[in-house]
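Atom set for the values below is all heavy atoms of this structure, side chains included, hydrogens, waters and symmetry mates excluded. The chain is numbered in sequence order, starting from 1.
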Amino acid sequence: MITLKQNNGRIIDPAREIGCIGKYDVLVAGGGMAGVGAAISAARLGCKTMLIERETSLGGLATIGLVNIPLDFSCGIGKEMLSRLDQVEGHWHRNSDPEKHKLILDRMISEAGVDLLLHSYAVDSIVSGGLIKGVVVENKSGRQAIMADRVIDCSGDGDAAFFAGCECHTGRPSDGMNQACSLEFRLGGVDWDIYLESDLKKNDPRWIKLIEKAVADGDMPYMIENHLNWVTHLPGRPQHRKMDELSLCFAHSRNCRPLDGRDLTRMYLEGREQADILWRFIKKRVLGFENCYLIDTATLLGVRESRRIIGEYIMQAKDIAQWRRFDDVITISGHGYDLHNPDGPGNIKWAEMEIDGKKCYAICHTGFGSSWLPPGGIEALTDGFGRKGKDMKFPDLPNYDIPYRSLVPLKVDNLLVAGRCLSADFMAQSGCRLVLACMNMGQAAGTAAALSLREQITPRKLDRIALQKQLLHDGMDIGQKQRQIPGINPGH
């Protein structure tokens, strides 16, 4: 109980004692894919590990967010996870079953010996002398403290790091606007075989012309999105029987403020209304979907970007366009720019940058898929070195490095971050945020936390070669088969 006292309309919350529910070697805040990777890796290396998650299951967007498309490099704990999903018919062509995925993650966390606390928000951080000492959580038991020698922030929003005093960026530099957010939805009763043979699939596979006509005809009250982003199947469900079940990325909220409670509420309400509009439009307009029905909408909003912690190194858009290599690489990604337009329909797969003194609109190998083009259109696009048209060149194995320094925040010690809150600029973050990239970053952060404890040094001072050797031992891919990494594979 708080006795009511006010000061200029603000409620005074008096000082109070908070009970401590435990002391851990490693505390991981956030049980999405990054947090699962971090917690399992730390626990397997002998650390007493606690994982806290605000939702009622693990996996984040990959499970309750219905983003059942675990893309990017499969290695380490991520590869093990996909193998276990295969065993229960929960994975097919990089499509996953969200419900089976939850259970697999539960089992992997339990088998690793991780102490798990669900339905618990990180609401503050405990700091002393520039060192993070623990996190304050709030749940049905009230407000409680959890102490730890190392904290890994995998919350997506960088909550624990922010509360600890870390500097961060959010949104695009010009106006602070964040990427569009999406509430995914699922459809059942689809005749996928008929759709595959349709003129729409053959001639307008992203539904661009279909959507334009639907808006013009009034079947859509406004352009929610100017193309279909992706469609996935639910593995293990009936196929080729006119009963296919699909997940769709189509709904989009714009002008988003994902760190504002009221705007999050607005986006959930808007997302459900959009799903209702879209499934009815699809049922009316798309061959093979005549008997479809809405199964559900996600219970977790697809927030693509909010806080990005300022770390020892800030990944740059040019790092992705030029497929940059770093000696302290901890994982690799093959995903190019993927910015969902903050204030209008479409996605942006190019980045404005200066190359040799000239303004360029650079792309990666995926950049031709933009539905929002720069001034000058497709002819204005360049590769990462300013070459246009037929002169553009891309690597045979297109991928870039994510460096360890992008997981190490400035100023606050004994703290690491992993996942979409890594240290990166607006456009670079749009590329390195896929499901398995986040899990791989998490495994690297958990490994680093464990090794730093073993060596009794801060994570900032950890020898990157020691970290990389442990990651390789544990099945990670840091690009060692493609190039020479100093101190790791001489003579490659």
Heavy-atom side-chain proximity of [X] to [Y] below 4.5 angstrom:
{"X": "Cys47", "Y": "Leu453", "value": "yes"}
{"X": "Phe326", "Y": "Arg464", "value": "no"}
{"X": "Glu184", "Y": "Asn68", "value": "no"}
{"X": "Gln316", "Y": "Ile314", "value": "yes"}
{"X": "Ile77", "Y": "Met108", "value": "yes"}
{"X": "Leu71", "Y": "His335", "value": "no"}
{"X": "Met476", "Y": "Asn440", "value": "yes"}
{"X": "Glu55", "Y": "Thr63", "value": "no"}

Inter-residue atom distance [X].[atom1] - [Y].[atom2], 0.5 Å rounding:
{"X": "Asp463", "Y": "Leu451", "atom1": "CG", "atom2": "CG", "result": "10.0 Å"}
{"X": "Leu434", "Y": "Met33", "atom1": "CG", "atom2": "CE", "result": "11.5 Å"}
{"X": "Ile132", "Y": "Leu415", "atom1": "CD1", "atom2": "CG", "result": "5.0 Å"}

Ser182 and Arg304: side chain donor to acceptor below 3.5 Å: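 Yes.
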Crowded around [X] [atom1]? As in, over 12 foreign heavy atoms under 6.0 Å?
{"X": "Lys102", "atom1": "NZ", "result": "yes"}
{"X": "His233", "atom1": "NE2", "result": "yes"}
{"X": "Glu111", "atom1": "CD", "result": "yes"}
{"X": "His365", "atom1": "NE2", "result": "yes"}

Under 4.0 Å between a side-chain nitrogen and a carboxylate oxygen: does that hold for [X] and [Y]?
{"X": "Glu245", "Y": "Arg186", "value": "no"}
{"X": "Arg307", "Y": "Asp159", "value": "yes"}
{"X": "Arg433", "Y": "Asp338", "value": "yes"}
{"X": "Asp401", "Y": "Arg325", "value": "yes"}
{"X": "Asp97", "Y": "Arg237", "value": "yes"}

Audit row: Asp474, Ser41, side-chain contact (heavy atoms from CB on, under 4.5 Å) steps and yes/no: CA-CA 9 Å; Asp474 295 335; Ser41 59; over 6 Å; no
Under the side-chain hydrogen bond (donor to acceptor under 3.5 Å, both in side chains) criterion, do Ser306 and Arg420 qualify, and how do the steps go? CA-CA 8 Å; Ser306 55; Arg420 65 175 172 85; 2.9 Å; yes
Run Leu118 and Leu58 through side-chain contact (heavy atoms from CB on, under 4.5 Å) and show every step you take. CA-CA 8 Å; Leu118 295 173; Leu58 299 171; 4.2 Å; yes
Between Thr49 and Tyr24, does a side-chain hydrogen bond (donor to acceptor under 3.5 Å, both in side chains) hold up when you go through it step by step? CA-CA 6 Å; Thr49 303; Tyr24 292 84; over 6 Å; no
Parallel, tilted or perpendicular, judged at 30° and 60°: which one describes the rings of His252 and His340? parallel
When the ring planes of Tyr361 and Trp350 are compared, do they come out parallel, tilted or perpendicular, using 30° and 60° as the limits?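 Answer is perpendicular, since the angle exceeds 60°.
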The single option from Arg150, Arg460, Lys133 passing salt bridge (charged side-chain N to carboxylate O under 4.0 Å, His left out) against Asp413: Arg460
Might you point out which heavy atoms bring Ile18 and Ala145 nearest each other, and give the distance in Å? CG2-N, 3.5 Å
Stepwise, does the side-chain contact (heavy atoms from CB on, under 4.5 Å) test hold for Ser423 with Tyr313? CA-CA 7 Å; Ser423 178; Tyr313 180 77; 5.8 Å; no
Given side-chain contact (heavy atoms from CB on, under 4.5 Å), test Ile40 with Gln443 step by step and report yes or no. CA-CA 8 Å; Ile40 291 175; Gln443 180 169 352; over 6 Å; no
In sequence, state the C-alpha distance, the side-chain angles, and the governing distance for Ser155 and Asp153, and then conclude on side-chain hydrogen bond (donor to acceptor under 3.5 Å, both in side chains). CA-CA 6 Å; Ser155 64; Asp153 190 336; 2.6 Å; yes
Show your working on side-chain hydrogen bond (donor to acceptor under 3.5 Å, both in side chains) between His91 and Asp86 and close with a plain yes or no. CA-CA 5 Å; His91 176 238; Asp86 287 334; 2.8 Å; yes
